[in-house]
Number of protein chains: 2
Amino acid sequence: MGKKIQPDSCGLGPAFQVIGGKWKALLLWLVHQEPRRFGELKRLVPDVSEKMLIQHLREMEADGLIHREVFHEVPPRVEYSATELGISLDEALEPLAHWGKKHAEEIAARRREAAE
Amino acid sequence: MGKKIQPDSCGLGPAFQVIGGKWKALLLWLVHQEPRRFGELKRLVPDVSEKMLIQHLREMEADGLIHREVFHEVPPRVEYSATELGISLDEALEPLAHWGKKHAEEIAARRREAAE
DNA sequence: TATGGTACGCACCTGCAGGTAAGTATTGAG
DNA sequence: CTCAATACTTACCTGCAGGTGCGTACCATA
């Protein structure tokens, strides 16, 4: 044996498992820039539903990517920030983001002509 | 104006659009190592259905990530290889793969204890 | 004539990621 | 005593990514 097959022998399995959600990468990116409040994220990403917003934030918190801090104030206040692990992931994501920006036009053009 | 909101202001939009499929990143990785035949990929990734295999390969071809070459031989033969664009994507994916391998244990442990 | 291997194409179906909309607790302002 | 603002919570529903299974065209060999 030893000649087993590779389902995700490249290391992408765990990575995608953790940022696979529709909005997770974007949220990590925003939260990495500076600590963000729940409502702030909601305003910044108006297309995400509140349900998925907390769900993704909670999962990322459980995975150790972000930190959740509650301020016991008059109107409730919660701030999300990136942990070291989250920061390292966001940095590992940067080349991909760079690739995306660089080839965005090319991709879009190809898709347009593919649709005829 | 100018102060528009960011759905994918980080460049990840196009990137995920192109490798978002369940097996695409893995396929790109395999095809980047060396040209692969259809049946070879099928054997290497036994969990993928034939339908998704061609579908993903065709989409990646349309997006210019891989090249498809048909050899008109007795038993039909097709080889898939990575284009320059595909290679650049795979390279941009490498830091993420590295991150995944590095933190695979940590992530898995966290998920185990989260499930109780 | 039949059988087997390759690289597909297609119709049908299911699960679950994600969306929608309503409700909750707290407290200060008016 | 109502209202507004925050940060959730919960039940319900839908779409589509992906899976299953079978059919096809080609030829070589036996």
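These numbers come from a predicted model, not from an experiment. Proteins come first, then strands; the chains are lettered A, B, ... in the order of their sequence lines, and each starts at number 1.
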K.L.:
Can you tell me the distance, in whole Å, between the CD1 atom of B/I54 and the C1' atom of D/dG19?
P.N.:
13 Å
K.L.:
Using atom NE2 of B/H72 as one end and atom P of D/dA28 as the other, report the distance to the nearest whole Å.
P.N.:
16 Å
K.L.:
State whether B/Y80 and B/R36 meet the cation-pi test: NZ (Lys) or CZ (Arg) under 6.0 Å from the six-membered ring centroid, and within 45° of the perpendicular axis.
P.N.:
no
K.L.:
For A/E50 and D/dT6, give me the distance from atom CD to atom P, rounded to whole Å.
P.N.:
11 Å
K.L.:
Rounded to the nearest Å, what distance is computed from the CG atom of residue A/L53 to the P atom of nucleotide D/dT6?
P.N.:
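From A/L53 CG to D/dT6 P: 14 Å.
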K.L.:
Just checking B/E34: does its CD atom have more than 12 heavy atoms from other residues, nucleotides or ligands closer to it than 6.0 angstrom?
P.N.:
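Atom CD in B/E34 is packed in, count exceeds 12.
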K.L.:
Please report the distance, rounded to the nearest Å, between NE2 in A/H56 and P in D/dC8.
P.N.:
15 Å
K.L.:
Check this for me, if you would: do A/E79 and A/R68 make a salt bridge, where the nitrogen-to-carboxylate-oxygen distance has to be below 4.0 angstrom?
P.N.:
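No.
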K.L.:
Between the base of D/dG19 and the side chain of B/K51, is there a donor-acceptor distance below 3.5 Å?
P.N.:
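Yes.
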K.L.:
Using a 4.0 Å cut-off to any heavy atom of chain A, which nucleotides of DNA chain C are the first and last in contact, reading 5' to 3'?
P.N.:
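Range of nucleotides within reach of chain A: C/dG18 to C/dG28.
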K.L.:
Rounded to the nearest angstrom, tell me the gap between atom CZ in A/R77 and atom C1' in D/dT6.
P.N.:
12 Å
K.L.:
Between A/P75 and A/S49, which has a closest nucleotide on DNA chain C that is more 5'?
P.N.:
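Its nucleotide being nearer the 5' end, the pick is A/S49.
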K.L.:
Could you tell me whether the phosphate oxygens of D/dT9, OP1 or OP2, come under 4.0 Å of any side-chain nitrogen or oxygen in A/R58?
P.N.:
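Result: yes.
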K.L.:
Can you find a side chain N or O atom of A/K42 that sits less than 4.0 Å from OP1 or OP2 on D/dT6?
P.N.:
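Looking at the OP1 and OP2 atoms of D/dT6, neither is under 4.0 Å from any side-chain N or O of A/K42.
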K.L.:
If we only count heavy atoms from C-beta on, is the A/L93 to A/W29 side-chain gap below 4.5 Å?
P.N.:
no
K.L.:
Could you walk me through whether B/I87 and B/H32 pass the side chain to side chain contact (heavy atoms under 4.5 Å, CB included) check?
P.N.:
CA-CA 7 Å; B/I87 292 174; B/H32 181 197; 3.6 Å; yes
K.L.:
Using a heavy-atom cut-off of 4.0 Å across all strands, would you classify B/E73 as base, sugar-phosphate, or nothing?
P.N.:
nothing
K.L.:
Decide yes or no on side chain to side chain contact (heavy atoms under 4.5 Å, CB included) for A/F71 and A/E69, but give the supporting numbers first.
P.N.:
CA-CA 7 Å; A/F71 297 82; A/E69 187 160 11; 4.2 Å; yes
K.L.:
Just verifying a value: how many Å separate A/L85 CG and A/D63 CG, rounded to the nearest 0.5 Å?
P.N.:
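Reported value, rounded in 0.5 Å steps: 8.5 Å.
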K.L.:
Would you say A/R37 reaches D/dT6's phosphate, i.e. side-chain N/O to OP1/OP2 under 4.0 Å?
P.N.:
no
K.L.:
Tell me what B/Y80 touches on the nucleic acid: a base, only sugar-phosphate, or nothing, going by heavy atoms under 4.0 Å.
P.N.:
sugar-phosphate
